[in-house]
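Inspection log for the structure reproduced underneath, given as C-alpha cells.
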Number of protein chains: 2
Amino acid sequence: MTRKDYDEMIELNKIYNEDCLEGMKRIPDGSVDLVLTDPPYGIKYKSNMRTKSPKFEVLANDNNSTRFMVYPEMYRALKDNSVAIVFASWKNYAEDYIELSKYFDIKNVIVWWKHGGGIGDLKHTLLTDYEIAIVCHKGKCKIRGKRCGSVWECNKVNPNKMLHPTQKPEKLLEELIEKYSDSGATVLDCFMGSGTTAIACINTNRNYIGFELDKHYCDIANERIQKALAEKAVGE
Amino acid sequence: MTRKDYDEMIELNKIYNEDCLEGMKRIPDGSVDLVLTDPPYGIKYKSNMRTKSPKFEVLANDNNSTRFMVYPEMYRALKDNSVAIVFASWKNYAEDYIELSKYFDIKNVIVWWKHGGGIGDLKHTLLTDYEIAIVCHKGKCKIRGKRCGSVWECNKVNPNKMLHPTQKPEKLLEELIEKYSDSGATVLDCFMGSGTTAIACINTNRNYIGFELDKHYCDIANERIQKALAEKAVGE
DNA sequence: ACTACGGTTGAATCCTGAA
DNA sequence: GTTCAGGATTCAACCGTAG
C-alpha cells in the first residue's frame with residue numbers, strides 16, 4: 001500500500017475526536033508499527049477531589065468493557081513483529097494481562113517507578129508509587145539500543161502543569177517509543193488524552209495516529225502539538 | 001489456647017519435612033500472625049489430595065490448581081487483621097492475584113527491585129530484574145513503622161552463596177516481617193526452601209512454622225538455623 | 001545559587017446514605 | 001440485599017515563593 005492509498009483510509013499525524021473503536025476500523029490491517037496507549041483503568045478516578053471545583057472530570061470510557069474491546073483491534077492494526085504497550089495500575093493489571101494474553105505474547109512487564117504519591121488508607125496500605133506497562137508482542141519485536149532492566153525510574157509530571165489527570169511524562173513515552181520502534185514509524189494511541197504520545201512522537205521523529213473521545217482534551221492536545229512543532233522548527 | 005495446648009498441635013520454631021497441605025492441618029484456625037511464603041510452580045503435590053471424582057484427574061499435572069489449594073489453608077490459619085505475603089513472578093502474578101482475591105483483600109503489591117541478573121531472549125526481551133510480593137489482608141493489618149512506597153530495592157543473594165535456586169535475601173524478608181508483624185509473632189512459611197524465612201524470624205525475634213517437602217533443603221535450612229542461633233547467642 | 005517555609009496534591013480509601 | 005455516588009480524611013513529598 002502506498003502512502004497515498006494509506007492516507008485515503010486514515011491520515012497520519014492527526015488526533016481524531018471520536019471513539020477509537022469506530023476510528024480504528026479505518027486503520028488497514030497490519031499497518032501500525034507500535035501501539036502505545038494508556039486506557040482508563042476503570043476506577044472512576046477523580047483527581048483533586050477535595051477542592052470544590054475539581055480541575056478534572058472523570059474520564060470518558062472509563063470501564064473494562066470498552067478497554068477490552070480495543071485489544072483485538074489493536075492486534076489487527078499492528079504489523080507483525082511489533083509490540084503494543086498498554087499501561088495499567090496494579091489493580092487492573094491482572095485482568096488486563098489475562099485479556100491481552102488472548103491475542104498477544106506478553107514478553108515483558110515494565111514497572112514505571114514514579115515516586116511520590118501517597119493518599120489512601122494511611123494506616124493499612126503502602127503508598128503506590130509505580131505504574132505498569134505491559135509489553136505485548138505480535139510476533140517477535142526486537143529491542144532497540146541497549147538491553148535494559150524492567151524497572152524504569154521517571155519522575156511524575158508536575159501537578160501544576162498537568163493538563164490531564166493521568167498524564168504521563170514525555171520522557172517516559174519517548175524512551176518506550178525508541179526502545180520498540182524505528183525512526184519514521186507509525187505509532188497508534190487509542191486513548192490520546194492530552195496528547196503526550198503525539199508530543200513524544202514529534203520529539204523522536206515518528207508518525208502518530210490518535211483518538212480521543214473528549215473534545216476538550218483534543219483541543220488541548222492540538223495546542224501542545226502546535227507548540228511542539230514550532231519548537232522543533234526553531235531547533236532545526 | 002495456651003502455648004502448651006498450641007504446642008500439642010504444632011510445635012513452633014521447627015521445619016517439618018512434609019507436604020504443607022498435610023502439615024497445615026495441624027495449625028489451629030486463626031493462630032498465625034503472618035504468612036510469608038515463596039511458592040514454587042513446578043511442584044506436583046500428592047494426587048491423594050485430589051477429589052475422587054475422575055473428572056478432576058485430568059488436571060493432575062496442572063501446577064496452579066495444586067498450588068492454589070494452599071491459599072485457603074493459609075487464610076484459615078491466619079489471625080484476623082493479619083496478612084499473607086506471597087511472592088510471584090510477573091508471569092504467574094495475574095493468575096495468583098485473581099486466585100488470592102477469592103479469599104483475601106489484596107491491598108498492596110510490592111515490587112522487589114533486585115537489580116542485575118536475567119538471561120533469556122537477549123534480542124527481544126528486557127531483563128526481568130524484579131519480583132512481586134502480593135500483600136493479602138485478612139481483615140485490616142496495620143503497617144508498622146513509617147509508611148513507605150511499594151518499590152523496594154534490595155540486592156540479590158550472591159549466586160556463589162546461594163543454597164536454593166530461588167533464595168530471597170534475608171534483609172528483604174526481615175523488612176517485610178517487621179512491616180507486617182510485631183515482635184514475638186508467629187510466622188508461617190509453607191514453602192521454606194533453604195530456610196531464609198526462619199533466619200529472618202530469628203534475626204527479628206519472631207517464631208516460625210515451616211514446611212519443606214525436600215529433605216535436602218530441610219537439612220540445609222536446619223544447618224543455617226543452628227548457625228544463626230549460635231551467632232545470636234554470641235551477640236547477646 | 002542556596003535554604004526555609006507554607007500551600008498543594010496524590011490513577012486513594014472509607015463510610016454513609018440513597019437508589 | 002446491592003450497587004453507586006459524594007464527602008471527609010490523611011501525610012509525606014514536591015513546588016513555588018520569599019528571604
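Predicted model, so just to flag it, every value in this text is computed and none were measured.
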Salt bridge present between [X] and [Y] (N-O < 4.0 angstrom):
{"X": "B:Glu131", "Y": "B:Lys168", "value": "yes"}
{"X": "B:Glu174", "Y": "B:Lys171", "value": "no"}
{"X": "B:Glu95", "Y": "B:Arg67", "value": "no"}

Would A:Arg144 and A:Ser181 count as having a side-chain donor-acceptor pair, cut-off 3.5 Å?
->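 No donor-acceptor contact under 3.5 Å links the two side chains.
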
Side chains of A:Ser183 and A:Arg206: do they bring a donor and an acceptor to under 3.5 Å?
-> no

Mind checking which nucleotides bracket the chain A contacts on DNA chain C, 5' to 3', with an atom under 4.0 Å from a heavy atom?
->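 Terminal contacting nucleotides, 5' to 3': C:dT9 to C:dC14.
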
Please indicate whether B:Lys232 has more than 12 foreign heavy atoms, meaning atoms of other residues, nucleotides or ligands, lying under 6.0 Å from its NZ.
->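 Yes.
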
Just how far, in rounded Å, is [atom2] of [N] from [atom1] of [X]?
{"X": "A:Leu122", "N": "D:dC11", "atom1": "CG", "atom2": "P", "result": "6 Å"}
{"X": "A:Met162", "N": "D:dC15", "atom1": "CE", "atom2": "P", "result": "12 Å"}
{"X": "A:Ile43", "N": "D:dC4", "atom1": "CD1", "atom2": "C1'", "result": "16 Å"}
{"X": "A:Ile119", "N": "D:dA13", "atom1": "CD1", "atom2": "C1'", "result": "13 Å"}
{"X": "B:Lys146", "N": "D:dT10", "atom1": "NZ", "atom2": "P", "result": "19 Å"}
{"X": "A:Leu127", "N": "D:dC11", "atom1": "CG", "atom2": "P", "result": "13 Å"}
{"X": "B:Arg147", "N": "D:dA13", "atom1": "CZ", "atom2": "P", "result": "11 Å"}

Along DNA chain C (nearest heavy atom to each residue), the more 5'-positioned of A:Ser47 and A:Thr125 = A:Ser47

Take B:Lys107 and A:Gly42, find for each the nucleotide of DNA chain C with the closest heavy atom, and name the residue whose nucleotide sits nearer the 5' end.
-> A:Gly42

Under 4.0 Å between any heavy atoms, over every strand shown, what does [X] touch: base, sugar-phosphate, or nothing? Just pick one.
{"X": "A:Lys46", "value": "nothing"}
{"X": "A:Lys114", "value": "sugar-phosphate"}
{"X": "A:Asp62", "value": "nothing"}
{"X": "A:Thr166", "value": "base"}
{"X": "A:Lys123", "value": "nothing"}

Using the C1' atom in both, what is the distance from C:dG7 to C:dA11, to the nearest Å?
-> 23 Å

Has the side chain of [X] got a donor or acceptor atom that lies under 3.5 Å from a matching backbone atom of [Y]?
{"X": "A:Arg26", "Y": "A:Glu11", "answer": "no"}
{"X": "A:Trp152", "Y": "A:Ile110", "answer": "no"}
{"X": "A:Asp33", "Y": "A:Thr186", "answer": "yes"}
{"X": "A:Asn92", "Y": "A:Ser89", "answer": "yes"}

Got a minute to check which stems DNA chain D is part of, using Watson-Crick or G-U wobble pairs under 3.5 Å, three or more consecutive?
-> C:2-10 with D:11-19, C:12-19 with D:2-9

Between A:Lys161 and A:Gly118, who's closer to the 5' end of DNA chain D by nearest nucleotide?
-> A:Gly118

